[in-house]
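Everything below concerns the one structure shown next.
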Amino acid sequence: MSTTAVEARKSSSGNVSKKPKSVANKAKTAASTKRGTKPASQANTKKNNAVKEEPDKTRPAKKRKVLKADPAVDNATEVKQEELVVDGGLKADDEDIHRWWEEDPNDHSVKWETLEHNGVIFPPPYEKLPDDVKLKYDGKKVDLPVEAEEVAGFYGAMINTDHAKNPVFQANFFGDFKEVLSTSGRALISGTSKFIEIESFDKCDFSDIFAYYEDQRNAKKALPPAVKKRLKQEKDEAEEKYKTCYLDGRKQPVGNFRVEPPGLFRGRGQHPKTGKLKARVQPEQVTLNIGKDVKIPEPPAGHNWSEVRHDNTVSWLAMWKENINGNTKYVFLSQSSSLKGMSDFKKFEKARELKNHVERIRNDYRKELTDEKMQVRQRATAMYLIDRLALRAGGEKGDDEADTVGCCSLRYEHVDLQPPNLVTFDFLGKDSIRYFQQVEVDEQVFTNLQIFKKEPKGPGDDIFDRLDPSILNKHLQSYMPGLTAKVFRTYNASHTMQKQLDQIPNVGTVAEKVVAFNAANREVAILCNHQRTVAKSHEQSVAKIEERVEELVWKKYRLKKMILQLDPEKPKVLGKSYFADTKAFNKTKLKAIHKRVVEREQEKVEKKFARDNEKIKADREAGEDVKLLTKDDLKERLKVVTNLKEELQKELDTGEFEIKSSQTCEKLEAQVAKLDDRILSTRLSLKDKQDNSTVALSTSKINYIDPRLSVMFSKKFEVPLEKLFTKTLREKFAWAIHSADKDWQF
DNA sequence: GGACGAACTTAGCACCTCCGCA
DNA sequence: TGCGGAGGTGCTAAGTTCGTCC
């Protein structure tokens with residue numbers, strides 16, 4: 001990915017102009033969006049599907065149907081026990097494992113027969129600030145009604161964040177804060193009955209509130225480990241019953257069983273509503289979905305649920321509507337549940353099915369690039385971009401959302417054309433992540449894009465004005481049931497990973513193989529434009545590693561100088577090139593390195609001294625009869641530093657090195673070789689760090705790369721799966737771990 | 001056939017934990 | 001052994017897709 005893309009990310013606004021509504025002059029001849037019945041293969045959900053379930057002993061064992069017809073899952077039926085050695089902690093012979101992925105996937109959109117759960121956990125009620133912690137307005141402390149104080153606290157706790165510095169965030173927060181203030185009472189000058197009107201954000205001083213919450217955070221951090229452990233245990237115990245549910249009698253983990261706490265909406269990019277008050281959700285707003293004839297969880301005392309449903313065609317356990325965008329929030333099962341595993345499995349099988357159609361689809365869209373009908377030509381061009389660049393479909397967005405686009409919603413200003421066939425894409429995609437790519441495209445694609453940008457179109461106009469995702473997807477369904485634009489992303493990601501893995505030679509250490517695996521993963525992440533913010537400390541830590549490399553090279557320089565000092569004839573034996581780097585340092589450079597090395601050594605001694613004294617202090621408090629270290633002790637310890645300083649100065653002045661009598665040329669050469677190894681590995685890790693600084697590998701690993709590829713790699717290359725999948729991922733992908741062998745192919 | 005909404009997947013960030021290095 | 005930082009996890013925003021309604 002280009003550096004430019006990264007830089008632009010920092011200011012997520014990018015340089016992309018917002019589409020003026022006046023030019024929303026679309027002649028979108030959208031085809032019918034009326035859809036037929038869901039294809040069986042897609043609407044493919046079923047009951048009795050748990051991964052690590054605790055079987056309900058009261059129920060008869062479920063009948064297990066083994067698939068034979070579907071070649072895609074043939075591997076699943078042929079797993080040998082000994083191949084399960086790297087199965088992520090799941091016992092190979094575990095009879096408790098419900099192997100739903102080996103069962104008949106025929107389905108009728110029923111997700112469960114019985115469902116039992118304990119509802120959701122609500123966030124704790126607001127705790128008032130201590131009396132001495134107040135918002136200051138115009139320099140005066142003010143008393144706020146408790147409702148308004150809570151909102152002020154939301155902002156006050158985060159004044160050190162980038163969000164809080166965003167003017168839109170501030171304006172939205174302040175607007176809602178004033179509204180809460182007007183409905184809940186008025187602000188008083190603290191300790192008086194005098195009202196004060198809060199009208200200007202700039203006159204608000206949240207620093208006391210911030211300091212209070214910061215203290216709370218630090219106090220929590222500083223708790224003794226035993227207390228932390230106890231608190232965690234208490235929390236776990238209180239939450240235990242919400243963490244699991246029973247789906248068709250099998251115990252399943254629940255995902256987000258906590259209702260989202262109130263706060264300020266943290267919209268990404270230039271979201272017009274960022275900073276608005278996200279209201280506290282009351283039980284009266286929450287709808288539960290649960291099986292019939294089971295105990296309905298009690299709402300919190302004095303409250304009622306909005307509704308209790310028994311809809312077994314959906315997988316959510318609870319839902320409510322949030323107040324900012326009117327979106328529905330759901331409580332689902334956890335990623336490691338059978339229900340989610342099943343839909344993951346189906347997603348990847350769908351992508352694999354595309355293999356059988358992709359050539360035909362490509363041939364067709366290549367032909368259609370010259371179609372007379374504009375809509376067909378646009379569709380073919382969009383298909384080309386989705387297939388080659390892994391773009392998202394790109395649905396239309398409203399004015400009350402951040403201005404981001406995907407393929408179908410690309411606008412004039414997002415695509416720059418440089419003849420003969422170079423296209424520059426520059427737009428903000430999902431999460432306002434900048435997509436910046438220069439690509440050489442087919443001549444006809446280039447010509448088409450020129451046509452789609454022709455006058456009278458200008459900035460703000462859609463490139464694909466005859467197209468939207470529903471038209472595109474409807475066309476795709478004619479090739480394969482359930483095929484949508486999104487499937488191409490999964491297909492291309494997994495296909496790329498397979499190709500990359502095929503190129504890795506099965507040699508070297510486990511660590512080397514993991515590096516190669518991650519490099520393959522990185523190719524996929526780059527394809528999908530998965531980025532992450534460069535850590536604030538990144539530059540600093542890179543500089544630190546660079547210094548470390550420089551010092552290693554300097555150490556090598558000294559060793560080689562010593563060899564020459566011991567035996568000036570050595571270049572004849574080892575070759576002149578061996579000593580070439582003894583000329584790499586001039587006096588200025590050496591001085592700088594010496595200074596750094598001496599300072600660090602001094603710092604180390606002083607830190608150790610302080611630490612030792614702290615320990616002694618603690619021992620004394622515990623009643624031990626020990627004396628604190630004195631300034632003289634420190635002086636004594638610092639002698640090592642003084643000696644080092646003198647030794648280096650002498651080297652600089654005379655060019656002569658102090659060599660211990662026990663040293664020999666052979667020993668020094670061995671040390672040089674060791675340093676070479678260290679320099680190489682440090683440089684490699686630095687490169688890895690820099691290559692990965694802006695690329696997020698996890699998103700593609702979690703969502704796009706068929707996990708069976710990773711399992712195959714683990715087994716074929718004898719790399720423990722723990723090196724590729726975290727514990728959570730091993731749980732999420734239990735189905736893949738149990739169904740892929742070393743020969744599995746996407 | 002467009003608007004809207006439900007249901008689900010995909011996504012990055014923030015916080016926490018734990019491991020390796022000095 | 002203590003500390004910093006990498007890696008892991010939870011949270012929730014932001015997408016896609018598809019069905020319904022008018």
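Within every chain, numbering begins at 1; the chains are lettered A, B, ... in the order of the sequence lines, protein sequences first and strands thereafter.
- Within the structure, a side-chain polar atom (N or O) of T699(A) is placed less than 4.0 Å from OP1 or OP2 of dG12(B).
- In terms of phosphate contacts, K486(A) brings no side-chain nitrogen or oxygen within less than 4.0 Å of OP1 or OP2 of dT17(C).
- When heavy atoms are screened at a 4.0 angstrom cut-off, R217(A) is found touching no nucleic acid atom at all.
- Atom CZ of F725(A) is separated from atom P of dG8(C) by 12 Å (rounded to the nearest Å).
- Using a 4.5 Å heavy-atom threshold, the side chains of H163(A) and M158(A) count as touching.
- Side-chain N/O atoms of K340(A) include one lying less than 4.0 angstrom from OP1 or OP2 on dT9(B).
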Using atom types as modelled, flag every donor-acceptor pair under 3.5 Å from a side chain in residues 328-335 of chain A to any protein atom, sequence neighbours excluded.
from, atom 1, to, atom 2, distance (Å)
K329(A), NZ, E260(A), OE1, 3.2
K329(A), NZ, E260(A), OE2, 3.3
S334(A), OG, S336(A), N, 3.0
S334(A), OG, S336(A), OG, 3.0
Q335(A), OE1, K732(A), NZ, 2.7

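- Within the 4.0 angstrom heavy-atom criterion, base atoms lie near K430(A).
- The closest side-chain heavy-atom distance from K276(A) to L264(A) is not below 4.5 Å.
- When the side-chain nitrogen and oxygen atoms of H530(A) are compared with OP1 and OP2 of dG12(B), none of them lie within a distance under 4.0 Å.
- Of the listed nucleotides (dA7(B), dC13(B), dA14(C)), dA14(C) has the atom at the smallest distance from the side chain of D431(A).
- At dA11(B), one or more side-chain N or O atoms of R489(A) fall inside 4.0 Å of OP1 or OP2 (strictly under the cut-off).
- F725(A) and F733(A) have tilted rings, their planes meeting at an angle from 30° to 60° on a 0 to 90° scale.
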All N/O contacts under 3.5 Å from nucleotides 9-12 of chain C to the protein, with atom names and distances to one decimal?
from, atom 1, to, atom 2, distance (Å)
dT9(C), OP1, T728(A), OG1, 2.9
dT9(C), OP2, T726(A), OG1, 2.8
dT9(C), OP2, T728(A), OG1, 2.7
dT9(C), O5', T728(A), OG1, 3.1
dC11(C), OP1, R258(A), NH1, 2.5
dC11(C), OP2, R258(A), NH1, 3.4

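- Side-chain proximity of N473(A) to dT17(C), dG12(B), dA6(B): nearest is dT17(C).
- Between the CG atom of N327(A) and the C1' atom of dA7(B) there is a distance of 12 Å, given to the nearest Å.
- One atom, CG of N703(A), and another, C1' of dA13(C), lie 14 Å apart when rounded to the nearest Å.
- Within 4.0 Å (heavy atoms only), K273(A) reaches no atom of the nucleic acid at all.
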*What's the verdict on side-chain contact (heavy atoms from CB on, under 4.5 Å) for V168(A) and Q270(A), showing C-alpha distance, side-chain angles and the deciding distance?*
CA-CA 8 Å; V168(A) 178; Q270(A) 291 200 324; over 6 Å; no

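- Applying the 4.0 Å criterion to OP1 and OP2 of dC8(B), one finds that K347(A) has every side-chain N and O outside that range.
- Q378(A) and D465(A) form a side-chain donor-acceptor contact under 3.5 Å, judged by distance and modelled atom types alone.
- With rounding to whole Å, Q531(A) atom CD is found 15 Å from dT10(B) atom C1'.
- If you measure from atom CG of D311(A) to atom C1' of dA6(B), you get 11 Å, rounded to the nearest angstrom.
- What separates CG of L697(A) from P of dG8(C) is a distance of 11 Å, to the nearest Å.
- Residue Q335(A) places no side-chain N or O under 4.0 Å from the OP1 or OP2 atom of dT9(B).
- H117(A) has its ring centre no less than 6.0 Å from the ring centre of Y242(A).
- Here S343(A) reaches the OP1 or OP2 of dT9(B): one of its side-chain N or O atoms lies under 4.0 Å away.
- Among the protein residues, G267(A) comes within range of the sugar-phosphate backbone only, with heavy atoms under 4.0 Å from sugar or phosphate atoms but none that close to a base.
- The side chain of R392(A) contributes an N or O atom lying less than 4.0 Å from OP1 or OP2 of dA11(B).
- For dA13(C), the OP1/OP2 oxygens have no side-chain nitrogen or oxygen of H271(A) closer than 4.0 Å.
- For T533(A), a side-chain nitrogen or oxygen approaches OP1 or OP2 of dC13(B) to under 4.0 Å.
- Regarding I471(A), its CD1 atom lies at a distance of 14 Å from the P atom of dC18(C), rounded to whole Å.
- Y435(A) and F427(A) have parallel rings, their planes meeting at less than 30° on a 0 to 90° scale where 60° marks the start of perpendicular.
- Map R266(A) and V487(A) each onto its nearest nucleotide of DNA chain C; the residue landing nearer the 5' end is R266(A).
- Between M319(A) and H163(A), the residue anchored closer to the 5' end of DNA chain B is M319(A), taking for each the nucleotide with the nearest heavy atom.
- Contact annotation: Y704(A) reaches the phosphate of dA11(B) (side-chain N/O to OP1 or OP2, under 4.0 Å).
- Of the possible polar contacts, one joining the R489(A) side chain to the A390(A) backbone as a donor-acceptor pair under 3.5 Å is found.
- Rounded to an integer number of Å, the gap from NZ of K732(A) to P of dT10(B) is 8 Å.
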